[in-house]
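Reading through the structure tokens given below for one structure.
Model, not experiment: these values are computed from the prediction. Lettering of chains follows the sequences in order, A, B, ..., and the numbering in each one begins at 1.
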2 protein chains.
Amino acid sequence: MLTRSEEDHIKAVYALLQDNDSAFTKDIAERLRTKASSVTDMLKKLAEKKLVKHEPYYGVKLTAKGEAIALQLVRRHRMWETFLVNRLGFGWDEVHEVAEQMEHVASDKLIDKLDAYLGHPSFDPHGDPIPDKHGKIRARKTKRLSTCMQGDSVRIAAVSETTDGLLRLLDSKGLRIGSVLSVQEVHAFDGSMDVKPKSGAAFSLSKDVSHHLQVEAA
Amino acid sequence: MLTRSEEDHIKAVYALLQDNDSAFTKDIAERLRTKASSVTDMLKKLAEKKLVKHEPYYGVKLTAKGEAIALQLVRRHRMWETFLVNRLGFGWDEVHEVAEQMEHVASDKLIDKLDAYLGHPSFDPHGDPIPDKHGKIRARKTKRLSTCMQGDSVRIAAVSETTDGLLRLLDSKGLRIGSVLSVQEVHAFDGSMDVKPKSGAAFSLSKDVSHHLQVEAA
DNA sequence: ACCGTTTATTAGCCATGCCTAATCTTTTTT
DNA sequence: AAAAAAGATTAGGCATGGCTAATAAACGGT
Ligand SMILES: [Mn+2]
Ligand SMILES: [Mn+2]
Ligand SMILES: [Mn+2]
Ligand SMILES: [Mn+2]
């Protein structure tokens, strides 16, 4: 059995490996709001348990076993977020912290039953895919809104960074998963972007925001 | 914020105080599957936090603050059990361990929403009352089936000891919360009891079982 | 009233997970 | 190429929550 801290470290490594092919001590520490030295200690322990491969000074990767655990945690996290939003009526900006705790409840039967109860959802409230019980994730071809060009018409597929501030900002602009936007103009100066929703007036999104929106062709 | 271990100790003290007016180190240790010396350490810590009153060698009681916390934990535990049985379809003999973990998820909003989602249940799947958000428990006048006499007609109100074995035994006899029984005969020799359900043939219950059934007049 | 048994506490140890400060290594800048 | 900066690891310490063994207190039976 893994401790909560071990689980959180594995999940952090997994998350960082989505963007780069090695995860670094400093970034793990930042994600977990802890210190680099603590992370080094934990990486050593996880390496002994054969859950990560740690090349000191050169970063860390997950073993197959470690990745399977990470996927299970991601599954639990996103499943609980879905429950909280779809069943209990939480806002999508309110669920992250609670799911961060619930994901550590250890019971395979619980997650299987929850999965059925929720109707085997494929995506969480932030548009992120929910791995199935074998860890399989449905592949999608998405890109960041910030990489789109003038004239592109796109649908918001997911919000990649789960900070409540960003989610509330999207709420205030009426944006949600599934919203369709056309890119009117991209400003070279600050990377901001003018977009127009299907119905309603165009408005501007900062690069900070567009960078965190995953979109697919509409 | 309390740790999981602190919470479990407070809950154990609360549970023991239901039967006696002081809780003892040995019994707390037994309930938590830990050692008496570990309990002593924890009681000292909880006493410093003003959650218990500990008279060394003479047992421990809860302060008002401690009791409020215990009631909140009991509320969470029973609420999650209700969710697991009523919504996810778990058997009443399968939920204790999982609820033991879920009760430590700290979020008042979560429990309030869950309460509403479940329709403000007053009792958990074992017939135990669920404290309301202020810690109020609906009082009932119940007694152990083992104290009943020949001729008494009673309704099963709660199963006081939550061990899966007992629950499965009750399942096998077709007994559940709300079942009505009449006491046919009490055998002095072993304290066993012949009971007859509303419909069906009479059968015998050992004292071990009747001791753990809380009943009310039918 | 005493003695043995039960129960509780204390003393001392250990693993875990965190920290700061000191010491590498690697990378970047000059 | 050397110096500086950034990043990582190691060394050493601390709080938590366990444990066993030793000791102390309370209780029950004679
Ligand atoms: Mn977590
Ligand atoms: Mn999410
Ligand atoms: Mn618990
Ligand atoms: Mn219960």
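Close to D:dT16, at under 4.0 Å from its OP1 or OP2, lies no side-chain N or O of B:T3. Distances shown here put every side-chain N or O of B:K35 at or beyond 4.0 Å from the OP1 or OP2 atom of D:dA21. Contact annotation: B:S38 side-chain N/O to D:dG18 OP1/OP2 distance is not under 4.0 Å. At the phosphate of D:dG18, OP1 or OP2 sits under 4.0 Å from a side-chain N or O atom of B:S5. Contact between the side-chain N/O atoms of A:H54 and the OP1/OP2 oxygens of D:dA8 is not found at any separation under 4.0 Å.
As rounded to whole Å, 12 Å separates atom C1' of C:dA15 from atom CD of A:E6. Separating the CG atom of B:L32 from the C1' atom of D:dC19 is a distance of 15 Å, rounded to the nearest angstrom. The CZ-C1' distance, from A:R4 to C:dA15, rounds to 20 Å in whole Å. Taking atom CD of residue A:E48 and atom P of nucleotide C:dA15, one finds them 13 Å apart after rounding to whole Å. One interatomic measurement links the two molecules: CD of B:E55 to C1' of C:dT7, which rounds to 16 Å at whole-angstrom precision. Here C:dC19 presents its P atom at 11 Å from CE of A:M42, a figure rounded to the nearest Å. In this structure, CG of A:L43 is placed 13 Å from C1' of D:dG7, rounded to the nearest angstrom. Protein atom CG of A:D41 is 18 Å distant from nucleotide atom P of D:dA15, rounded to whole Å.
Counting only distance, with no hydrogens or angles, the side chain of A:T63 and the backbone of A:K50 share a donor-acceptor pair below 3.5 Å.
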List, one per line, each side-chain donor-acceptor pair under 3.5 Å for residues 108-122 of chain A, sequence neighbours excluded.
unit_1: A:D108; atom_1: OD1; unit_2: A:Q72; atom_2: NE2; d: 3.1
unit_1: A:K109; atom_1: NZ; unit_2: B:E94; atom_2: OE2; d: 2.6
unit_1: A:D112; atom_1: OD2; unit_2: A:K133; atom_2: NZ; d: 3.1
unit_1: A:K113; atom_1: NZ; unit_2: B:G89; atom_2: O; d: 3.3
unit_1: A:D115; atom_1: OD2; unit_2: A:R75; atom_2: NH2; d: 3.3
unit_1: A:D115; atom_1: OD2; unit_2: A:H120; atom_2: ND1; d: 3.1
unit_1: A:Y117; atom_1: OH; unit_2: B:Y117; atom_2: OH; d: 2.5
unit_1: A:S122; atom_1: OG; unit_2: A:R138; atom_2: NH2; d: 3.3

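Residue side chain B:S37 reaches the base of D:dT20 through a donor-acceptor N/O pair under 3.5 Å, judged by distance alone.
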Restricting to nitrogen or oxygen on both sides, can you table the protein-nucleotides 27-29 of chain C pairs closer than 3.5 Å?
none

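Using a cutoff of 4.0 Å between basic side-chain nitrogens and carboxylate oxygens, B:R31 and B:D27 are not scored as salt-bridged.
Put simply, the residue from B:R4, B:H77, B:R76, B:R78 that forms a side chain to side chain donor-acceptor pair (under 3.5 Å) with B:E103 is B:H77.
Counting only N and O atoms by type, the side chains of A:D8 and A:H104 include a donor and acceptor under 3.5 Å apart.
Of the residues in residues 22-30 of chain B, not one comes within less than 4.0 Å of DNA chain D through any heavy atom.
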